[in-house]
Q: 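What follows is a structure written as structure tokens; I'll ask about it next.
Proteins get letters first, then strands, A, B, ... in listed order; numbering begins at 1 in each.
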There are 2 protein chains.
Amino acid sequence: MDAALQTGLEALGDSTRMAIFQKLSAGPLAVNELAGMLPVSRPAVSQHLKVLKDAGLVTDRKSGTRRYYALDPEGVARLRAHFDALWDRSLHAFQVAAEKR
Amino acid sequence: MDAALQTGLEALGDSTRMAIFQKLSAGPLAVNELAGMLPVSRPAVSQHLKVLKDAGLVTDRKSGTRRYYALDPEGVARLRAHFDALWDRSLHAFQVAAEKR
DNA sequence: ATCAATGGTAAGCCTCCACTAACGGTAAGC
DNA sequence: GCTTACCGTTAGTGGAGGCTTACCATTGAT
């Protein structure tokens with residue numbers, strides 16, 4: 001199958017990680033700020049961010065004692081391409097089946 | 001948040017369900033046929049199909065003793081729309097952040 | 001009516017993983 | 001120096017869910 005697609009899916013499959021992703025889609029945020037918006041502790045957020053970073057969906061930038069996380073547009077675009085291909089294949093197959101009638 | 005997006009994500013987040021989705025993208029299949037292609041038992045496939053059906057990604061059609069499952073183009077299109085909106089928001093936010101520099 | 005084929009469901013097990021608590025580490029301010 | 005703020009990591013735990021086994025229902029064939 002497609003490893004990148006599967007990795008991205010598993011990364012966003014968890015609801016908390018998806019929430020983090022949504023928050024970051026509004027702009028960069030520090031770990032504490034993220035933890036303040038979510039019903040989980042700060043270490044949990046840290047761990048989720050690690051997963052998102054390993055999946056190439058997020059980048060981090062250190063600023064003083066704080067560390068800001070932001071979406072990685074390259075990783076997002078790559079994942080989007082995989083999804084688009086998946087949708088196309090799926091809907092194309094349905095189109096063929098419909099015409100065969 | 002967006003419940004439909006979250007439901008669809010959790011549905012496809014599992015690797016086995018994703019595999020089922022991929023198989024069905026080639027055309028309708030019966031439960032036994034799906035189980036034969038996958039390293040899990042038939043009941044497991046049935047349970048996964050139930051989840052996919054509840055998420056609106058799959059439809060079932062009874063034919064004799066067999067039950068054929070197929071992708072639901074409407075549900076797929078709906079999920080795709082949510083994803084597209086998510087990508088757009090994400091990349092737009094990055095664009096804004098880049099111009100602000 | 002009996003049997004085979006197909007599949008949905010229940011119960012139980014077991015693994016995985018999300019989460020917290022505790023610790024250590026680094027940077028800024030006093 | 002000391003303290004405060006912020007963060008990553010580890011160890012341990014609890015719960016969620018994926019899987020199998022067993023059972024039952026339905027359909028079609030003999």
Side-chain angles (χ1 to χ4, degrees), chain A residues 1 3 5-24 27-72 75, chain B residues 1 3-24 26-72 75:
Chain A
M1 298 290 142
L5 178 63
Q6 192 60 39
T7 302
L9 263 171
E10 288 175 358
L12 295 183
D14 178 76
S15 65
T16 302
R17 278 198 295 264
M18 185 60 187
I20 293 178
F21 190 89
Q22 303 253 20
K23 298 290 184 188
L24 289 183
L29 287 172
V31 180
N32 253 346
E33 299 172 328
L34 276 170
M37 308 174 182
L38 299 171
V40 295
S41 68
R42 182 193 53 77
V45 174
S46 253
Q47 293 164 4
H48 286 307
L49 286 169
K50 178 181 178 57
V51 174
L52 290 172
K53 185 180 176 185
D54 289 344
L57 295 175
V58 146
T59 60
D60 58 332
R61 180 173 53 88
K62 215 173 139 186
S63 169
T65 73
R66 298 217 272 236
R67 182 176 290 265
Y68 286 94
Y69 283 85
L71 294 189
D72 182 356
Chain B
M1 301 286 145
L5 178 64
Q6 192 58 40
T7 303
L9 262 171
E10 287 175 358
L12 293 183
D14 178 73
S15 64
T16 301
R17 277 197 296 262
M18 185 60 187
I20 292 178
F21 189 88
Q22 302 254 19
K23 298 289 183 188
L24 289 182
L29 288 171
V31 180
N32 255 345
E33 299 173 328
L34 276 170
M37 307 174 182
L38 300 171
V40 295
S41 69
R42 182 192 55 75
V45 174
S46 252
Q47 294 163 5
H48 285 307
L49 286 169
K50 178 179 177 60
V51 174
L52 290 173
K53 184 179 176 183
D54 289 342
L57 296 175
V58 146
T59 59
D60 57 332
R61 178 173 54 87
K62 216 172 141 189
S63 169
T65 71
R66 299 217 271 236
R67 183 174 290 263
Y68 286 94
Y69 282 85
L71 295 188
D72 183 355

Q: Nearest heavy-atom pair of B:E10 and A:S15: which atoms, and what distance?
A: OE2-CB, 4.1 Å
Q: Over how many whole Å does the gap from A:E33 atom CD to D:dA5 atom P extend?
A: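 Between P of D:dA5 and CD of A:E33: 16 Å.
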Q: How many whole angstroms separate atom CG of A:L52 from atom C1' of D:dG8?
A: 16 Å
Q: So which protein nitrogen or oxygen atoms get under 3.5 Å of nucleotides 17-21 of chain C's nitrogens or oxygens?
A:
residue, atom, partner, partner atom, Å
C:dA18, OP2, A:R17, NH1, 3.1
C:dA18, O5', A:D14, OD1, 3.4
C:dC19, OP1, A:T16, OG1, 2.9
C:dC19, OP2, A:H48, NE2, 2.3
C:dT20, OP2, A:S41, N, 2.6
C:dT20, OP2, A:S41, OG, 2.5
C:dT20, O4, A:Q47, NE2, 3.2

Q: Quick check on contacts: within residues 53-69 of chain A, what sits under 4.0 Å from DNA chain C by heavy-atom distance?
A: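 By residue number: A:K62, A:G64, A:T65.
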Q: Using the rule given for side chain to side chain contact (heavy atoms under 4.5 Å, CB included), can you reason through A:D72 versus A:T59, listing the C-alpha separation, both sets of side-chain angles and the distance that settles it, and then say yes or no?
A: CA-CA 6 Å; A:D72 182 356; A:T59 60; 3.7 Å; yes
Q: What's the CD1-P distance between B:I20 and D:dG18, to the nearest Å?
A: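 Whole-Å distance recorded here is 11 Å.
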Q: Please report the interatomic distance OH(A:Y68) to NZ(A:K62), rounded to the nearest 0.5 Å.
A: 14.0 Å
Q: If we check side chain to side chain contact (heavy atoms under 4.5 Å, CB included) with B:V45, which of these qualifies: B:I20, B:T16, B:N32?
A: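 Going through the options one by one, the only one that passes is B:I20.
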Q: Minimum heavy-atom separation for A:V58 to A:L24, with atom names?
A: CG2-CD1, 3.8 Å
Q: Provide the closest heavy-atom pair for B:R66 versus B:A30 in the form atom of the first, atom of the second, distance.
A: CD-CB, 4.0 Å
Q: Does a side-chain N or O from A:N32 land closer than 4.0 Å to OP1 or OP2 of D:dC7, or not?
A: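 For D:dC7, OP1 or OP2 has a side-chain N or O of A:N32 closer than 4.0 Å.
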Q: With sequence neighbours excluded, tell me which residues meet side-chain contact (heavy atoms from CB on, under 4.5 Å) with A:R17.
A: A:D14, A:H48, A:V51, A:L52
Q: Between B:A11 and B:L57, which heavy-atom pair has the shortest distance, and what is it?
A: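 Heavy atoms only, the tightest pair is CB-CD1, 4.3 Å.
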Q: Under a 3.5 Å cut-off for both contacts, is C:dT20 paired Watson-Crick or G-U wobble with anything, and if yes, with which nucleotide?
A: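 D:dA11 is the nucleotide pairing with C:dT20.
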